[in-house]
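Structure record follows, encoded as structure tokens.
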There are 2 protein chains.
Amino acid sequence: MTNKGQILRLLNYKNLLKHLQTLGFKKVFSDNISDTLEISSSLVRKDFGNFGITGNRKGGYEIDSILGKIDDILGKDEIQKVVVIGVGRIGEALMKYQGFMKEGIQIVAGFDIDPSRINTEGNPPVLHNDKIADFIKENDIKICIMTVPQMVAKHTVDLLSATGIGGILNFTPIKFQSTAELTINNINIVHELENLIYVVNKQKDKE
Amino acid sequence: MTNKGQILRLLNYKNLLKHLQTLGFKKVFSDNISDTLEISSSLVRKDFGNFGITGNRKGGYEIDSILGKIDDILGKDEIQKVVVIGVGRIGEALMKYQGFMKEGIQIVAGFDIDPSRINTEGNPPVLHNDKIADFIKENDIKICIMTVPQMVAKHTVDLLSATGIGGILNFTPIKFQSTAELTINNINIVHELENLIYVVNKQKDKE
DNA sequence: TCAATATTGTTAAGTTTTTCACATAAATTT
DNA sequence: AAATTTATGTGAAAAACTTAACAATATTGA
Ligand SMILES: NC(=O)c1ccc[n+]([C@@H]2O[C@H](COP(=O)([O-])OP(=O)(O)OC[C@H]3O[C@@H](n4cnc5c(N)ncnc54)[C@H](O)[C@@H]3O)[C@@H](O)[C@H]2O)c1
Ligand SMILES: NC(=O)c1ccc[n+]([C@@H]2O[C@H](COP(=O)([O-])OP(=O)(O)OC[C@H]3O[C@@H](n4cnc5c(N)ncnc54)[C@H](O)[C@@H]3O)[C@@H](O)[C@H]2O)c1
């Protein structure tokens with residue numbers, strides 16, 4: 001019933017609705033959403049229907065109500081604790097990023113093998129690698145962000161897998177497959193850029 | 001004929017084939033590719049067919065030949081010049097990242113509004129914002145990475161659009177729509193993480 | 001040389017995702 | 001109060017994407 005892109009779409013609805021809310025709107029129609037997100041209004045209604053979000057015929061949907069429901073769906077009642085493995089350039093950027101907090105996500109620690117990176121008093125702290133397993137178990141961490149060098153990516157996945165973690169957001173260029181126990185989602189920034197370059201060049205060729 | 005995820009799939013084929021190449025393999029079968037990437041072998045053959053990559057019945061495909069063809073498709077004959085707008089935490093990580101180079105992508109400059117960020121002698125240099133338009137025109141830049149604060153994202157897109165740039169890889173949380181002239185691809189890291197959290201929590205619920 | 005085998009290339013079938021279309025119901029107008 | 005308008009909710013249709021199936025054909029081995 002719920003399909004692959006649906007949660008990402010739900011997050012887009014959420015962003016838009018929060019924006020409309022700050023502008024003072026109380027109600028919204030599926031058309032308003034579909035126009036700005038460039039999808040069909042029936043897809044919006046179908047998504048809402050699939051998640052049990054209901055409106056009033058003729059009256060549209062109440063923004064507050066949708067937002068509450070979306071948070072329920074996403075499990076935003078409790079703060080999600082996340083750790084970062086590999087506090088290099090991109091790992092550090094993510095650790096210091098304030099944008100996770102307001103979505104109920106807290107980066108509670110980073111881990112690195114390089115002693116010069118370690119800062120146990122930091123907020124969040126950066127701990128040594130050999131503490132990963134204990135930390136994950138003691139703090140019941142289910143999700144981590146992996147930003148280690150490509151060379152150690154496989155090894156790191158194996159290590160994390162053994163801790164019983166549930167999900168990895170992988171920024172290394174190695175593409176990992178999910179298993180029943182461990183979901184691995186891969187973000188390949190180089191590929192995203194190459195894809196964009198392809199699209200733009202193709203467009204140019206057509207002209 | 002060519003569909004949305006096809007180029008990203010092609011890039012995955014490329015990664016895998018390069019790996020097989022370093023292991024000494026000369027030939028590959030669609031099955032070898034589909035097994036490791038967890039798709040069907042007919043999809044691999046269909047992708048190849050769509051892009052004019054041919055093999056030999058019974059003999060499989062020649063790795064060198066596929067890789068050459070993929071590079072042709074992606075236009076890897078010339079180096080792609082890219083600029084970064086907003087050299088903060090994530091912009092700087094991207095600017096210093098060495099992984100673009102070996103895919104024929106060169107970050108030739110960064111731009112920032114903050115004088116303390118500027119370093120005209122850097123490699124690549126970080127220039128002041130007010131040089132964006134001239135630089136893009138003089139250097140025939142078609143692609144940029146946008147890593148400015150959310151607040152100035154809209155303004156930056158307008159500014160870039162006016163320069164006639166062809167593509168933006170947008171890391172801000174604002175989702176922009178592409179136009180006929182300007183392709184904007186959005187990477188929303190927070191959404192990726194929220195999506196992963198959803199999937200993992202749902203998995204846990206089922207158990 | 002000829003049968004057996006293995007793999008591509010491609011058409012058809014299947015699956016997933018999105019949109020269309022409209023009956024249904026709430027609100028507004030006459 | 002009836003008619004009209006306007007949106008939802010949803011089943012059917014369409015589109016997009018993936019896989020299955022197999023004929024065509026190259027290679028191997030007897
Ligand atoms: N920087 C970027 O813009 C960018 C873009 C796309 C992909 N990536 C990928 O993200 C990953 C990190 O890139 P980066 O530029 O931040 O690299 P980096 O070298 O700056 O950071 C890597 C960090 O991982 C640490 N590390 C090494 N081995 C470790 C281990 N076994 N356990 C834990 N930590 C370990 C290192 O000490 C270092 O601090 C790489 O795989 C890279 O390919 C980076
Ligand atoms: N850091 C992360 O991990 C992360 C993750 C997801 C999304 N993002 C998004 O990426 C963007 C950048 O994040 P960041 O953490 O690097 O922020 P940052 O504040 O470290 O960097 C932003 C940079 O942009 C510069 N800037 C401001 N106005 C500008 C303008 N008009 N033109 C050019 N440059 C300008 C600032 O001087 C600063 O150097 C934000 O939109 C953020 O939401 C960041």
Side-chain angles (χ1 to χ4, degrees), chain A residues 1-13 16-17 20 25-70 73 175 177-178 195 198-199 202, chain B residues 1-13 16-17 20 25-70 73 175 177-178 195 198-199 202:
Chain A
M1 188 207 77
T2 113
N3 68 16
K4 230 184 124 210
Q6 212 164 18
I7 293 294
L8 291 174
R9 243 179 357 251
L10 215 60
L11 291 165
N12 286 326
Y13 299 156
L16 172 59
L17 292 171
L20 292 176
F25 289 97
K26 298 287 178 212
K27 300 213 157 189
V28 71
F29 302 125
S30 57
D31 270 359
N32 305 143
I33 298 174
S34 67
D35 284 351
T36 42
L37 297 183
E38 294 197 331
I39 53 177
S40 76
S41 62
S42 46
L43 183 54
V44 174
R45 294 196 296 277
K46 184 145 285 189
D47 283 341
F48 283 3
N50 284 154
F51 287 116
I53 295 171
T54 58
N56 300 306
R57 288 177 203 244
K58 178 119 184 180
Y61 301 87
E62 265 191 61
I63 292 177
D64 288 359
S65 155
I66 309 177
L67 285 173
K69 202 86 210 320
I70 291 179
I73 294 159
K175 187 173 183 178
Q177 306 296 334
S178 298
N195 184 45
Y198 175 82
V199 173
K202 210 175 71 168
Chain B
M1 188 206 77
T2 114
N3 67 16
K4 231 184 124 208
Q6 212 165 19
I7 293 295
L8 291 174
R9 237 171 12 242
L10 215 60
L11 292 165
N12 286 327
Y13 299 155
L16 171 58
L17 293 172
L20 292 176
F25 289 97
K26 298 287 178 210
K27 300 215 156 187
V28 71
F29 303 124
S30 57
D31 269 359
N32 305 146
I33 299 174
S34 66
D35 285 350
T36 43
L37 298 183
E38 294 196 333
I39 52 177
S40 74
S41 62
S42 43
L43 182 55
V44 174
R45 294 196 297 277
K46 177 149 287 185
D47 282 341
F48 284 2
N50 285 154
F51 286 117
I53 295 170
T54 58
N56 299 306
R57 288 177 205 243
K58 177 115 183 186
Y61 301 87
E62 263 191 62
I63 292 177
D64 287 359
S65 155
I66 309 177
L67 285 172
K69 202 84 210 322
I70 290 178
I73 293 159
K175 188 174 181 176
Q177 306 296 334
S178 298
N195 184 46
Y198 175 83
V199 173
K202 209 175 71 167

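A, B, ... follow the sequence lines: proteins, then strands. Residue 1 opens every chain.
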Return all side-chain donor-acceptor pairs below 3.5 angstrom for residues 59-69 of chain B, not counting sequence neighbours, or 'none' if the list is empty.
from: Asp64(B); atom 1: OD1; to: Gln21(B); atom 2: NE2; distance (Å): 2.6
from: Lys69(B); atom 1: NZ; to: Phe51(B); atom 2: O; distance (Å): 3.3

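Contacts between residues 41-55 of chain A and DNA chain C, defined by a heavy-atom separation below 4.0 Å, involve Ser42(A), Leu43(A), Arg45(A), Lys46(A), listed by number.
Scanning both residues, Tyr13(A) and Ile70(A), for their nearest heavy atoms gives CB-CD1, 4.4 Å.
Checked against dT8(C), dT17(C), dG9(D), the side chain of Ser30(B) finds its nearest nucleotide in dT8(C).
Judged by distance alone, with hydrogens and angles left aside, the side-chain atoms of Asp35(B) form no donor-acceptor pair with the main-chain N or O of Asn32(B) at under 3.5 Å.
The side-chain contact (heavy atoms from CB on, under 4.5 Å) test with Ile33(A) singles out one residue from Leu20(A), Asp47(A), Ile39(A), Val28(A), and that residue is Val28(A).
At whole-Å resolution of the value, CZ in Arg9(A) and P in dT18(C) are 4 Å apart. Per the geometry, CZ belonging to Phe29(B) stands 17 Å off P belonging to dT5(C), to the nearest Å. Whole-Å rounding puts the Ile7(B) CD1 to dC17(D) C1' distance at 16 Å.
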Nucleotide N/O of nucleotides 26-30 of chain D paired with protein N/O under 3.5 Å:
from: dA26(D); atom 1: O4'; to: Arg57(B); atom 2: O; distance (Å): 3.4
from: dT27(D); atom 1: O2; to: Lys58(B); atom 2: NZ; distance (Å): 3.4

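Between Tyr61(A) and dA26(C) there is no side-chain N or O to OP1 or OP2 distance below 4.0 Å. Contact annotation: Ser40(A) does not reach the phosphate of dT18(C) (side-chain N/O to OP1 or OP2, under 4.0 Å).
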